Number of protein chains: 2
Amino acid sequence: MEDKVVLLDFWPSLYGMRVRIALAEKGVQYEAKEENILLEKSPQLLEMNPVHKKIPVLIHNGKPVCESLNIVRYIDEVWNHNSPLLPSDPYQKAQAMFWADYIDKKIFILVKQVLKAKGEEQEATRKEFIECLKTVEGELGDKRYFGGERFGFIDLVLIPITTRFYSLEVCANLSIDSECPKLIGWAKRCIEKQSVAKSLPDPHKIYGYILLLKEKYWF
Amino acid sequence: MEDKVVLLDFWPSLYGMRVRIALAEKGVQYEAKEENILLEKSPQLLEMNPVHKKIPVLIHNGKPVCESLNIVRYIDEVWNHNSPLLPSDPYQKAQAMFWADYIDKKIFILVKQVLKAKGEEQEATRKEFIECLKTVEGELGDKRYFGGERFGFIDLVLIPITTRFYSLEVCANLSIDSECPKLIGWAKRCIEKQSVAKSLPDPHKIYGYILLLKEKYWF
């Protein structure tokens, strides 16, 4: 049976980007269905992810997989013939999952808070965000990618955040270039990969989206 | 080389209980080191989990693994000769991970909020907690365990919550027995297993701990 793969996605989603990169890395052909979650969720999304009602959802031969880290792990297991994303060694795998969890719970949550907050509250979340980014940068150290010489799971999980760096500079006066230079070097290496480049939207387009959120939804 | 396994733990921890059950299921001998995280974190804990500074930490031949779901997955992979916890099929595994994540982000967070909150705030979190518990009960349905006939990953991840049921009844007037009867039946089946029974503290002892928290830390 030929695989039928559908991805319910929304172009500015940090979580959707992860899945796009994973599918591109594996060379999986799929149908991308764009949801506009700001306006109305499609009946298909509500049926496929009744618990969270959130994108991304990967529908593989009719069966849904939800939550981005879960989807990426699933893709890595099912299309295991090329481009392994997670290490096979249990200890290294546990380390990769630890950092993915940290990025999810800290970096991705905080970036939204920084962009959304104002005044003193922004100052506090801004400080915490930078601390967390430096913690992740410390884990990268002088390596080419987080896992060493090859692009892998942690890189894929973190790289979507770079689409917010321009907005952070404009909206929160935050220069990641000067705060985390090693992370910027890593991001440049990642974006040279076609699987990454074609999966991430233009940071200026993201800035337009953030302005729309600020005007219509975040006040 | 013989495995040296140390577990940094704290007896009332919902997260610690998961790791205890996993080690018991696998028959792994280990040294349990009790932390009193309310008073002072040990130098060993700070060294082994510098990012979160939280128990549980599994130290396997000197190398730390942190975060309970991550630790349980690691245990399942390393001691894979008996009692598999996660299904081997990628789709079923993704489903198990999805529910574990839901239990972590919803049930375990909300139970603390319900026990901590007062008045109207308690009423709102109480309602959300029950809804989430019913969602999980819906996933269980009429099955013996979440994965079918055998005790597995989701069971292990959720069962520690039952140590809070007595406290919920006394502190929040919440009868899980009448709200979620199928879940109560499942809990009774789980607790018949020696690996579970010996890993969960007495709910009355947990109630004493909750009272201490309310008196000294939650006000």
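Values in this document were obtained by computation on a predicted structure and should not be read as measured data. In what follows, chains are A, B, ... by sequence order, proteins preceding strands, each numbered from 1. Because only heavy atoms are used, hydrogens play no part in the values below, and waters and symmetry mates are left out as well, while side chains stay in.
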Exercise. Can you check whether B/Pro50's main-chain N or O pairs, donor with acceptor, with B/Lys53's side chain at less than 3.5 Å?
Worked result: yes
- Task: Could you tell me how the ring of A/Tyr74 sits relative to the ring of A/Trp79: parallel (under 30°), tilted (30 to 60°) or perpendicular (over 60°)?
- Result: perpendicular
From the list B/Asp101, B/Thr135, B/Val51, the residue making the most non-hydrogen contacts under 4.5 Å with chain A is B/Val51
Applying a strict 4.5 Å limit to non-hydrogen atoms, the region of B/Pro64 in contact with chain A is both
When the 4.5 angstrom heavy-atom criterion is applied to A/His52 and chain B, the contacting part is side chain
Item to check | Residues, nucleotides or ligands: over 12 heavy atoms within 6.0 Å of A/Lys26 NZ | outcome: yes
According to the interplanar angle, ranging from 0 to 90°, do the rings of B/Phe98 and B/Tyr102 count as parallel (below 30°), tilted (30 to 60°) or perpendicular (above 60°)?
parallel
